[in-house]
Amino acid sequence: MFEAYGEKIWYIPDGYIPPKSSGELISHESICVLNRSSVDAELSITIFFEDHEPIDNISAVVPGRRAYHIRTSSLAKDGVSIPAGIPYAIEVMSSIPVIVQYSRLDSTQAENTLMSTIAYPIKQS
């Protein structure tokens, strides 16, 4: 059995799906989750907005000993998804400790931009 490392709660305050793309690359964002454990990680993802109610408790599973890349444009619950061009924030809650990274590919201009950062972990006492 492999032990879980990381934290159970992660935040990404600056979400934004670019509304257009240029060239062959599609603008997108991803939540990248590493599950080092032998046990599956059950995720609950909530999307927060500036001016309307959150999209709560979107479920995802990261199998044991796997990395899973979740495009934020694919996140939806009850037919509601994240609109492009609208700022939002992400909460990732996991049943076991995991590592969460956030990446954005912005291809709105010919000079593509790729940003990646580790999400903000919340240490529980």
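Computed over heavy atoms, backbone and side chain alike; hydrogens, waters and symmetry mates excluded.
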**Study point:** Asn35 CG to Ser38 OG distance, which is reported to the nearest 0.5 Å
**Key:** 8.5 Å
Exercise for review: Give, for atom OG of Ser37 and atom CD of Glu3, the distance between the pair rounded to the nearest 0.5 Å.
Suggested key: 8.5 Å
Check your understanding: Taking all atoms of both residues into account, what is the closest heavy-atom pair of Ala41 and Ile96, and its distance?
Key -> CB-CG1, 3.7 Å
Check your understanding: OG1/Thr72 to CD1/Ile45 distance, rounded to the nearest 0.5 angstrom?
Key -> 10.0 Å
Check your understanding: Which heavy atom in Phe2 sits nearest to a heavy atom in Arg36, and how many Å separate them?
Key -> CB-O, 3.5 Å
Check your understanding: Transitive ILVMFWY cluster of Phe48 at side-chain heavy atoms under 4.5 Å: who else is in it?
Key -> none
Review point. What are the two closest heavy atoms between Ser95 and Lys8, and how far apart are they?
Key: O-CE, 3.6 Å
Review point. With a cutoff of under 4.5 Å between side-chain heavy atoms, which Ile, Leu, Val, Met, Phe, Trp and Tyr residues group with Tyr11?
Key: Ile9, Met93, Tyr120, Ile122
Under 3.5 Å, which donor-acceptor pairs do the side chains of residues 50-57 form with other protein atoms, sequence neighbours left out?
unit_1: Asn57; atom_1: OD1; unit_2: Ser44; atom_2: OG; d: 3.0

Check your understanding: Step by step, would you call Leu43 with Val61 a side chain to side chain contact (heavy atoms under 4.5 Å, CB included)?
Key -> CA-CA 6 Å; Leu43 305 181; Val61 175; over 6 Å; no
Review point. Could you state the interatomic distance from CD1 (Ile17) to CD1 (Ile82), rounded to the nearest 0.5 Å?
Key: 5.0 Å
Exercise for review: Tell me whether Val100 is reachable from Ile118 by hopping between hydrophobic residues (I, L, V, M, F, W, Y) whose side-chain heavy atoms are closer than 4.5 Å.
Suggested key: yes
Check your understanding: Quick one: does Val98's side chain get under 4.5 Å of Val62's, heavy atoms only?
Key -> no
Check your understanding: When hydrophobic residues are tied together by side-chain contacts of less than 4.5 Å, even through go-betweens, does Ile86 share a cluster with Tyr88?
Key -> yes
Check your understanding: Measuring from Leu34:CG to His69:NE2, what's the distance to the nearest 0.5 Å?
Key -> 9.5 Å
**Study point:** Shortest non-hydrogen contact from Ile99 toward Gly6
**Key:** CD1-CA, 3.5 Å
Exercise for review: Supply the atom-to-atom distance Ser30 OG to Gln101 CD, rounded to the nearest 0.5 angstrom.
Suggested key: 9.5 Å
Practice item. Of all the heavy-atom pairs spanning Gly85 and Pro87, show the shortest one and how long it is. Key: O-CD, 4.1 Å
**Study point:** Flag side-chain contact, heavy atom, 4.5 Å: Pro97 against Glu7
**Key:** no
Review point. If we only count heavy atoms from C-beta on, is the Ile31 to Leu75 side-chain gap below 4.5 Å?
Key: yes
